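Along the sequence shown, residues are numbered consecutively beginning with 1. Keep in mind that what you see is a predicted model, and the values were worked out from it rather than measured. All values below were derived from every heavy atom in this structure, side-chain atoms included, with hydrogens, water molecules and symmetry-related copies excluded. For ligands, and for the atoms within them, numbers begin at 1 and follow the listed sequence.
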Amino acid sequence: MQITIAKTEQAASALAGKVVNEAVRKNPFIVLGLATGSTPLGLYAEMIKAHQKGLDFSHVRSFNLDEYYGITGTHPQSYRKFMNDNLFKHINIDLKNTRVPDGMAKDVDAFCRQYEADMKAVGGVDIQVLGIGSDGHIGFNEPGSSLVSRTRKVTLAPSTIKDNTRFFKKESDVPRFAISMGIGTVMEAKQCILLAFGVNKAKAVKGMIEGGISQFCPASALQMHPNTLVFLDEAAASELELKDYYKWCQKAK
Ligand code: GLP
């Protein structure tokens with residue numbers, strides 16, 4: 001894991017944006033794994049800015065990490081709508097090349113198998129963008145998820161339902177299930193870029209970087225990933241024991 005601690009969320013997003021935009025420039029046919037939530041919005045803003053300056057996304061393919069189960073892609077809180085509104089509409093990506101799990105899939109197991117097969121068919125994900133839940137989840141892989149799990153239907157933890165209530169009218173409106181890439185799926189991405197901001201993420205970030213590798217903190221599996229970049233603001237980094245060392249390494253580079 002390569003850890004970068006920036007003063008602000010904006011600064012961290014700009015650094016992550018540089019990495020993604022540079023990769024798209026180098027490989028116009030890149031396969032991006034994308035995430036939702038408030039965390040990647042700054043990174044997506046950087047991608048939109050780069051597009052406005054001429055960066056071409058017309059050949060880029062994307063696979064989103066997850067989608068709520070039981071809602072359509074047009075539901076105001078669906079991750080499909082989130083991606084269209086916050087990124088896809090603002091760059092020249094071909095919508096046909098963007099994939100978000102189908103929250104209405106009838107045969108979920110068959111859908112999940114096909115989603116994995118489709119990822120494989122394009123050569124796998126080159127860069128997987130990730131946020132982290134306050135309980136250490138990535139995608140919707142809640143604590144207790146197998147570290148070799150694949151794309152499947154999962155049950156949201158009560159703490160995640162509570163965290164995500166802010167996007168819905170009331171807690172009972174938050175779907176209880178989702179379709180999510182598994183930890184094993186995420187681990188196959190050639191590079192992972194995880195962003196985390198704010199003090200609400202500090203405990204999860206500590207578990208991910210400095211805790212033991214455990215299904216109790218699914219993001220800790222990334223310690224075994226050969227190419228993961230972590231971008232934090234000061235608040236998210238505030239519980240890291242080796243914070244000064246990470247900053248020292250950052251400076252040395
Ligand atoms: C949801 C998503 C995750 C995301 C997390 C954090 O649970 N499934 O992919 O990382 O929320 O969201 P936020 O970035 O809004 O804190």
Side-chain angles (χ1 to χ4, degrees), residues 8-10 12-13 16-17 32-46 62-71 73 75-83 85-87 99-103 112 115 125 127-145 149 151-168 171 173-183 185-187 189 192-209 217-222 228-233 235-237:
T8 61
E9 175 172 343
Q10 287 78 358
S13 300
L32 296 177
L34 297 173
T36 52
S38 44
T39 305
L41 287 175
L43 163 64
Y44 295 158
E46 294 296 323
S62 73
F63 287 86
N64 259 76
L65 272 176
D66 49 10
E67 176 62 284
Y68 289 116
Y69 185 72
I71 63 174
H75 185 285
Q77 295 310 329
S78 79
Y79 284 172
R80 160 52 77 185
K81 185 163 183 332
F82 176 99
M83 290 310 301
D85 291 350
N86 291 295
L87 181 64
R99 300 285 308 276
V100 179
D102 176 6
C112 294
Y115 201 67
V125 169
I127 296 183
Q128 177 64 59
V129 175
L130 295 163
I132 185 169
S134 61
D135 62 359
H137 74 242
I138 49 175
F140 267 127
N141 294 284
E142 300 284 20
S145 297
S149 49
T151 303
R152 69 209 183 290
K153 185 177 168 194
V154 295
T155 307
L156 271 54
S159 62
T160 300
I161 292 172
K162 202 163 152 248
D163 281 351
N164 290 0
T165 297
R166 68 189 197 278
F167 300 113
F168 292 80
E171 195 171 308
D173 289 344
V174 184
R176 269 36 188 171
F177 303 100
I179 293 178
S180 178
M181 281 188 203
I183 307 281
T185 320
V186 169
M187 291 292 284
C192 291
I193 295 186
L194 186 140
L195 304 131
F197 309 125
V199 73
N200 187 36
K201 300 291 172 72
K203 195 168 156 266
V205 165
K206 179 166 174 53
M208 166 179 72
I209 299 174
C217 179
S220 65
L222 292 168
T228 288
L229 310 181
V230 179
F231 293 93
L232 307 171
D233 66 357

- Message: Once you measure the plane-to-plane angle for Y79 and F140, does it fall in the parallel (<30°), tilted (30-60°) or perpendicular (>60°) bin?
- Response: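 Ring orientation of Y79 relative to F140: parallel.
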- Query: Is there a donor-acceptor pair closer than 3.5 Å between any side-chain N or O of D233 and the backbone N or O of G198?
  - Reply: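 Confirmed, D233 side chain pairs with G198 backbone.
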Is it the side chain, the backbone, both or neither of [X] that has a heavy atom closer than 4.0 Å to ligand 1?
X: T39; result: both
X: Y79; result: side chain
X: A35; result: neither
X: N164; result: side chain

- Hey, is NZ on K153 packed in by over 12 heavy atoms from elsewhere, all under 6.0 Å?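 Count over threshold, so yes.
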- Query: Between the candidates A157, G139, G131, S180, which shows the shortest non-hydrogen contact distance to atom 9 (O) of ligand 1?
  - Reply: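 Of the listed residues, G139 has the closest heavy atom.
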Among protein heavy atoms, which sits nearest to [atom], and what does the distance come to when rounded to 0.1 Å?
atom: atom 11 (O) of ligand 1; answer: H137 NE2, 4.0 Å
atom: atom 8 (N) of ligand 1; answer: D66 OD2, 2.7 Å
atom: atom 6 (C) of ligand 1; answer: I132 O, 3.7 Å

- Tell me, please: is R166 in heavy-atom contact with ligand 1, that is, under 4.0 Å? yes
- Residue K201 vicinity, atoms of ligand 1 by number, heavy atom under 4.0 Å: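 Contacts of ligand 1 toward K201, numbered from 1: 6 (C), 13 (P), 14 (O), 16 (O).
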- Message: Under 3.5 Å between any N/O of T36 and any N/O of ligand 1: does that happen in this structure?
- Response: no
